[in-house]
Amino acid sequence: LDFLTSDISTIAELLLVKINQQQRLFIHNDYVVAEELRELAADWADRLKEIWKEEPVPPIQISYHSASLNKKEKYLVYPVCLYYYQRAYYLCAFGQAPTCLNKNQIQWYNYRLERISKILKLSWHDNNLPFSSEQIIDHQKNYSPGYIQSQLAAAYGFDFYQKPEIMLLRFE
């Protein structure tokens, strides 16, 4: 991987690594992130790699700044995999999300890694979790990188968890 630039070689290294027989990073390319933020995202990717080595994978709490809502809050989520999409890392996770109206509502969400300011590993015994270990751990088929891959293959775009809607295309 020495022939690649430093930022691309880091991504390529992540692609080659399977954690507990699970591929955790996938690539789609098209966005530019500032260099200092790319380094932050790479640090978060390394932290997530360590978390994914645990069996079972624990939930986490993230401090996240939503650019679309212009707010920073903490979210409790189950981290599933990383995507490199449009030149930015995204954490695909199930749990609380910026788009949820209340903290008890849970769903899938793609979090931009450079917008995360803190990751705190939690325990499945934490009483504040909006989901249970049985809901996630006993249903790994629905909360796995493979599930994300299949949903992305069926979706148009990256936000596979959004409700499908009819799209009108016009051509000259």
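We're numbering straight along the sequence, starting at 1. Heavy atoms only: backbone and side chains are in, while hydrogens, waters and symmetry mates are out.
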Between [atom1] on residue [X] and [atom2] on residue [Y], distance to nearest 0.5 Å:
{"X": "R112", "Y": "Y64", "atom1": "CZ", "atom2": "OH", "result": "7.0 Å"}
{"X": "S117", "Y": "H65", "atom1": "OG", "atom2": "NE2", "result": "10.0 Å"}
{"X": "E114", "Y": "Y90", "atom1": "CD", "atom2": "OH", "result": "7.0 Å"}
{"X": "I116", "Y": "D43", "atom1": "CD1", "atom2": "CG", "result": "12.0 Å"}
{"X": "I136", "Y": "H139", "atom1": "CD1", "atom2": "NE2", "result": "9.0 Å"}
{"X": "R115", "Y": "L91", "atom1": "CZ", "atom2": "CG", "result": "13.5 Å"}

Given side chains that start at C-beta, do those of [X] and [Y] come closer than 4.5 Å, heavy atoms only?
{"X": "K53", "Y": "E50", "value": "yes"}
{"X": "Y78", "Y": "V57", "value": "yes"}
{"X": "L82", "Y": "W44", "value": "no"}
{"X": "K72", "Y": "S63", "value": "yes"}
{"X": "Y147", "Y": "V80", "value": "no"}
{"X": "L48", "Y": "I60", "value": "yes"}
{"X": "I119", "Y": "Q61", "value": "no"}
{"X": "I106", "Y": "C100", "value": "no"}

What pairs of donor and acceptor atoms, side-chain ones from residues 126-135 against any protein atom, are under 3.5 angstrom apart with sequence neighbours left out?
{"residue": "D126", "atom": "OD1", "partner": "N128", "partner atom": "N", "Å": "2.7"}
{"residue": "S132", "atom": "OG", "partner": "Q135", "partner atom": "N", "Å": "3.0"}

Can you give me the closest heavy-atom contact between [X] and [Y], atom names plus distance?
{"X": "K74", "Y": "Q96", "answer": "O-OE1, 4.1 Å"}
{"X": "P79", "Y": "P59", "answer": "CD-CA, 4.3 Å"}
{"X": "A41", "Y": "L113", "answer": "O-CD2, 3.2 Å"}

Original post:
Taking N102 for the side chain and N104 for the main chain, is one N or O donor matched with an acceptor at less than 3.5 Å?
Top reply: yes
Subject >> NZ (K141) with more than 12 external heavy atoms under 6.0 Å >> reply: no
Original post:
Would one find more than 12 heavy atoms of other residues, nucleotides or ligands at under 6.0 Å from atom CG of L169?
Top reply: yes
**OP:** For side-chain contact (heavy atoms from CB on, under 4.5 Å), just list the numbers for K121 and R47, CA-CA rounded to whole Å, side-chain angles, deciding distance to a tenth of an Å, and then say yes or no.
**Re:** CA-CA 10 Å; K121 183 177 69 165; R47 174 78 170 114; 3.7 Å; yes
Original post:
Pick one: which of Y109, Y143, Y111, Y75 meets ring-ring contact (aromatic ring centres under 6.0 Å, His included) with F94?
Top reply: Y143
